[in-house]
Engineer: 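Please find one structure pasted underneath; my questions will follow.
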Amino acid sequence: MREAFGEAGRESLPFGMTSLPILSQSAVSPVVRARGLDEDAREAIARDLVNAVEGEVRFDAHNRMLYATDASLYQVEPLGVVIPSSIDDAVAAVRFCSERGLPMLPRGGGTSLAGQCTNNAVVIDVSPRCRHILEVNVGQRYVRVEPGITVDDLNDAIAATGMFFAPDPATARHASIGGCIGNNAAGSRSVRYGRTSESVIAVDACLADGTRVEFGPGSARRDERVAKLTQRVVELVRRYEGLIRERSPKTIRRNAGYGLDMILQQLDKGVAPEDVSLAPLLCGSEGTLAFTLGATLALHDRPKAKALAVLSFATLDDAIDAVIPILATKPSAIELLDDLVVSLARANTEYRKYVELLPPPPGGSGELNAVLYVEYFGASDAEVSERVEALKRACPASPVQVHTNVTAMLNAWKLRKAGEPLLHGIPGSRKPITFVEDNAIPVENLSRFVKELRKIVESYGTRAAFYAHASVGVLHVRPLIDIHDEADRERMRAIAVATADLARSLGGVMSGEHGDGRVRGPLLERFYGPELMQAFRELKLIFDPQGLLNPGNIVDVFGDNPRPVASITQSLRVEPQVGRPAAFPQVETSFDFSDQHGLDGAVEMCNGSGVCRKKQSGTMCPSYMATLDERHSTRGRGNALRLAITGQLKLDTVGEASQPDADVWSDQGTIETLDLCLSCKACKTECPSNVDISKLKAEYTSQRYIRHGAPLAVKIMSQIRTLNRLGAIAPEAANAMNALAGGLIRRVLGIDARRTLPTFSTSLARLWGDETKPSKPVVVLFGDCFTMYNESSIGMATKRVLEAFGYEVRLANAGCCGRAKISLGMLPQAIEEIDATLEKLQPVIDDDRVVAVLVAEPSCLSAFKDDWQTLQLKTPKAQREKLAKKSWLPEQFLHAKWDSHPQRPAMKPPAGRVLLHGHCHQKALWGAASSADMLRRVAGDKLTVLDTGCCGMAGSFGYAEHRFDLSMQIGELALFPAARAMTPKDVLVAPGTSCRHQVHDGVGKRAVHPMQFVADCLA
Ligand SMILES: Cc1cc2nc3c(=O)[nH]c(=O)nc-3n(C[C@H](O)[C@H](O)[C@H](O)COP(=O)(O)OP(=O)(O)OC[C@H]3O[C@@H](n4cnc5c(N)ncnc54)[C@H](O)[C@@H]3O)c2cc1C
Ligand code: SF4
Ligand code: SF4
């Protein structure tokens, strides 16, 4: 041990120690010991753990690797994963690890950017189950919570109190309170509310040996153990007092090393040593000092009035120069975006609309190269308006857009919040990499810092994106680096060192809010010097003498101190083993991935930022929302696919263990991880990096079926059109057959007994009748499988409505869109079917008299407009694009061409409320407005668009026996409660056939198609 400390360690031993602690296992790092464990030893640990904890123990290779990454560049395989069922269970897990000398990594949302949430340790994930609110004390303005709750969940739950937990990292929707404490998180409004440490009153913690303690004001007087720890910490701080004063960063935002300055500040204020609270010290300690079991958090009043002013600038320098004058107007936040982020948002389907909210560039025409978001909180509208006026006086040359409406402000903020994840969508092999993204610089030096940093970055032949919490001088800089290229990695190390030195020379610090982790830990000694690093090591040993908690982060009490700069580019996810980059197989794919740099690029799109772990609003990701399980989030699936395809997962064979030709497409764990994906396409738009799991899942599954064949049930289900067509020949007999042979059908297809089977109707073709009205403009109804054979009444309703609007309506019985085959992963078969359908649609595509092709089922229209455009079909792209352009949902067409229809029928308004549940594909690709706009024309303000996310059915997904319960859980998230709350007069409108089926099976109510609703309203 003494060798590990070197000479400095011998000179200054922690208070009360005559020698440094004797570490078990002859002072070998617990991580090194953990790495040395073979599979048998690991399995033995897992078996014992299962008996020691109530929660889940996941030690298999697949689950381990799903926890090998956070939102950083790194990938480190953990020893195993525990998901405690309760706080007591988390303590049991810590005790277990402590007794066996196993390293531990506490984890919340896993959204850390510096690699501090990756380690070769037992990951203890408190985010799924330890997320309760324990007490809300309105009078004393505090709340007590468990560590796994997210900031937004907490604030939503206490909204009625008129107060809130103020620290607001951009990840507030999915970052846990434990993680906010671990990283001392802060957000845009830190200029007003400070960091997490300023809102933490006390922390309920578990020490590395499994002892439960509370750290807070007066805790040392109540608990002898805390008293001893406090005494030793105070002694340490006194001993290093001079250096702490001299070297600690002076910026509001600082998150480098341990916050010894926060202990010194208490002493400076005259707090007696025995009254010093150690809670602030845990803030920013990155899980290395104690395990947070809960926290008492101070609450602030929600502001009564707010305004958001968005200003545009011609140059980044102009924007930065404006920060100091703006600060004088007392804003609650000033946020900066540069031109790179704005241009990426412009190219993103989801975020384009937010760019349109930005003010015009200065001078009316020139370039918009930077944007400042300036927010004001106040006690009244008058106070806020006064500040906005002051802002306009401070920046007379900058065009400004002022928002006071809540929705408009939220929409404007969305662009700023998506700044970081959007950068990951940048094309080219050089990406804006996170390694010098966290500098905090005194605001008066910010402009100089930007200029100097630009020079540094340019001297290495690259450029950078800039965005910032400008009010507190935190500048997120992302140089463009090809992390796959060793020469660029060398540039990265050099830029990291130069930037850290520059930040320090300007009175700032390289870790403003994202922490040190693997990327900045090696630079800490450059900032603090060897003596304070020694103080940090002593502190670590006071709390964690065996070095078990997130070992190697901030300080390494066993290995290199500090870690060498070279380690910044070690354990990268693109090169998990030195000299062995992740390898991609060369295969012919059914989808075209060229817009994502091929399949390789597509599987590397997920950066781990965890937006898909949100619970609030939107559809992404239904299976995560219902399970709160990392494995069933979009990120879990993205990681699984990347790891499987690059051969990094130990392959378990499909079916028999003896099967010899297991390949990267047949990893059993990945198959199971993908199994709960509903292919809802929500991630394609809601994920800021546009990770498209439904496409990747289809390709992965297809590659496996090409090699190993598809199961019988998949083959049958993929023939949905043929089955429906047969059923529709004699629908009554077929429905009776279904009732009689339902058990057998369910057994063969694996359908749950509680699920009703679809019924057949007389074929739409037989009902259709005469369609030749030569004088009228023509619209064509695409006869999808459901409208043709199961719900032909929808087709007839569509015909009636379109005729009432003066069209000749023709039916295109052209075949299937291939949706079922695509979702099931039968891609070559889907391609064949789609090309055949397109051939039959050719006359419709070419006939200019056909003004629109109407598709009643959104998942079929999404095939036309999305999947058909990227599948490697024989039909020329131009034909597919032409068809996509003239294809609409019927209600979408009626609204869009409202002023040019040949005639407009009279409508009668509905008696009750009209509730719209949009289909996932519709919401992902065109928004629920594609149905809502027309319904509003009929129902006016009786229309409510439900914020329901996914219904849980998703084609064949919800039929499966093993997915039925999850399917119902997803329905219960929002759709079922809304449907149950309907009065008999209300109408539930759902364009998707699956959604209507799900409502029927889930709550026993009827939902109608928009065209049925409109037809019923024809006067
Ligand atoms: C796109 C993006 C934007 C971000 N913006 C911001 C921002 O504006 N401000 C900001 O401060 N950060 C930001 N971050 C970083 C990160 O999201 C926040 O710091 C967040 O608070 C981390 O929370 P988490 O639950 O994900 O923590 P995790 O990543 O799970 O953990 C963070 C650290 O805390 C430790 N930890 C977690 N739980 C516990 C526990 N129960 N006990 C002890 N230690 C624990 C972990 O070991 C780890 O070292 C951003 C990240 C991304 C990807
Ligand atoms: S899937 Fe998208 S939202 Fe989820 S972590 Fe990856 S990049 Fe972020
Ligand atoms: S397609 Fe839907 S269910 Fe699947 S990962 Fe994306 S958001 Fe989740």
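Because the structure is predicted, anything quoted here is derived from the model rather than measured. We use all heavy atoms of the structure for the numbers below, so side chains are in, but hydrogens, waters and symmetry mates are not.
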Engineer: With no hydrogens and no angle check, do the side chains of S823 and S679 hold a donor and an acceptor under 3.5 Å apart?
Structural biologist: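 No pair is found: no donor N or O on one side chain lies under 3.5 Å from an acceptor on the other.
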Engineer: Using side-chain heavy atoms (C-beta onward) and a distance below 4.5 Å, is L641 in contact with N639?
Structural biologist: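 SC-SC contact between L641 and N639 ruled out.
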Engineer: Report yes or no: do T759 and N735 form a side-chain donor-acceptor pair below 3.5 Å?
Structural biologist: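 Note: T759 and N735 side chains miss the donor-acceptor criterion.
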Engineer: Do R613 and S127 get their side chains close enough for a donor-acceptor pair, meaning under 3.5 Å?
Structural biologist: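 Result is yes, a qualifying pair exists.
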Engineer: Please name all residues satisfying salt bridge (Lys or Arg N to Asp or Glu O under 4.0 Å) with D204, sequence neighbours left out, ordered by chain then number.
Structural biologist: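 R212.
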Engineer: For the residue pair S176 / R131, report whether a side-chain donor-acceptor contact shorter than 3.5 Å exists.
Structural biologist: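 No, because no side-chain N or O of R131 sits under 3.5 Å from a partner of the opposite role on S176.
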Engineer: Any donor and acceptor pair, going by atom type alone, linking the side chain of R144 with main-chain N or O of E135 inside 3.5 Å?
Structural biologist: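 Judged by distance alone, no pair lies under 3.5 Å.
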Engineer: When you measure from the side chain of R64 to the backbone N and O of G80, does any donor-acceptor pair fall under 3.5 Å?
Structural biologist: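 Such a contact is absent between R64 side chain and G80 backbone.
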Engineer: Will you find, in the side chains of S931 and E891, an N or O donor that is under 3.5 Å from an N or O acceptor?
Structural biologist: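 Yes, side-chain donor-acceptor contact under 3.5 Å.
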Engineer: Run through V1008, V1003, L946 and flag the one making a side chain to side chain contact (heavy atoms under 4.5 Å, CB included) with L988.
Structural biologist: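 Exactly one option meets the side chain to side chain contact (heavy atoms under 4.5 Å, CB included) with L988, and it is L946.
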Engineer: Would you say the side-chain atoms of S689 pair up with the backbone N or O of V691, donor to acceptor, closer than 3.5 Å?
Structural biologist: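 No, S689 side chain to V691 backbone: no donor-acceptor pair under 3.5 Å.
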Engineer: Among pairs that include at least one residue of residues 971-999, which meet salt bridge (charged side-chain N to carboxylate O under 4.0 Å, His left out), considering only residues two or more places apart or in two chains?
Structural biologist: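 The answer is E791-R996, R913-D986, E972-R980.
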Engineer: Would you list the pairs meeting ring pair (Phe, Tyr, Trp, His ring centres under 6.0 Å) in which at least one residue belongs to residues 964-1017, sequence neighbours left out?
Structural biologist: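 For residues 964-1017: Y959-H997.
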Engineer: Under 3.5 Å, is there a donor-acceptor pair between the side chain of K923 and the main chain of G618?
Structural biologist: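 Judged by distance alone, no pair lies under 3.5 Å.
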Engineer: Would you check, one step at a time, whether the test salt bridge (Lys or Arg N to Asp or Glu O under 4.0 Å) holds for D152 with K615?
Structural biologist: CA-CA 9 Å; D152 276 7; K615 273 170 66 195; over 6 Å; no
Engineer: We want to know whether S930 and Q892 form a side-chain donor-acceptor pair, criterion being a heavy-atom distance below 3.5 angstrom.
Structural biologist: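 There is no such pair (donor and acceptor under 3.5 Å, judged by atom type) between the side chains of S930 and Q892.
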Engineer: Do R173 and S617 have side-chain N/O donor and acceptor atoms under 3.5 Å apart?
Structural biologist: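 Side chains of R173 and S617: pair found under 3.5 Å.
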Engineer: May I have all residue pairs that pass side-chain hydrogen bond (donor to acceptor under 3.5 Å, both in side chains) and include part of residues 938-955, sequence neighbours excluded?
Structural biologist: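 Qualifying pairs, neighbours excluded: H917-T948.
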Engineer: Go through the steps to decide whether H174 and Q616 satisfy the test side-chain contact (heavy atoms from CB on, under 4.5 Å), and finish with yes or no.
Structural biologist: CA-CA 9 Å; H174 44 289; Q616 286 85 356; over 6 Å; no
Engineer: Does the Lys NZ or Arg CZ of R721 fall within the cation-pi geometry relative to Y789 - under 6.0 Å from the ring centre and within 45° of the axis?
Structural biologist: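 Cation-pi check for R721 and Y789: fails.
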Engineer: Please determine, by modelled atom types, if T673 and R631 share a side-chain donor-acceptor pair under 3.5 angstrom.
Structural biologist: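 The answer is yes; a qualifying pair exists.
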Engineer: Name all pairs fulfilling the salt bridge (charged side-chain N to carboxylate O under 4.0 Å, His left out) condition that reach into residues 682-691, sequence neighbours left out, sorted by first residue then second.
Structural biologist: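 Every pair satisfying salt bridge (charged side-chain N to carboxylate O under 4.0 Å, His left out) with a residue in residues 682-691: K614-E686, K684-D692, K684-D866.
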Engineer: Any chance you could lay out the side-chain contact (heavy atoms from CB on, under 4.5 Å) test for T798 and V1014, step after step, and finish with the verdict?
Structural biologist: CA-CA 9 Å; T798 307; V1014 176; over 6 Å; no
Engineer: Does R937 have any salt bridge (Lys or Arg N to Asp or Glu O under 4.0 Å) partners at least two apart in sequence or in another chain, and if so, which?
Structural biologist: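 Salt bridge (Lys or Arg N to Asp or Glu O under 4.0 Å) check on R937 returns nothing, list empty.
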Engineer: Could you tell me whether the side chains of S862 and Q922 share a donor-acceptor contact shorter than 3.5 Å?
Structural biologist: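 Absent: no donor and acceptor within the cut-off.
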Engineer: Would you please say whether a donor-acceptor pair under 3.5 Å links the side chains of S86 and D88?
Structural biologist: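 Distance-only check fails for S86 and D88.
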Engineer: With no hydrogens and no angle check, is any side-chain donor or acceptor of T161 less than 3.5 Å from a backbone partner on M163?
Structural biologist: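 Side chain of T161 to backbone of M163: a pair is present.
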Engineer: Without swapping roles, check the side chain of S792 against the backbone of G795 for a donor-acceptor pair under 3.5 Å.
Structural biologist: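 No; zero donor-acceptor contacts below 3.5 Å.
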Engineer: Do E630 and Y624 have side-chain atoms, one donor and one acceptor, less than 3.5 Å apart?
Structural biologist: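 Not at all, the side chains of E630 and Y624 share no donor-acceptor pair under 3.5 Å.
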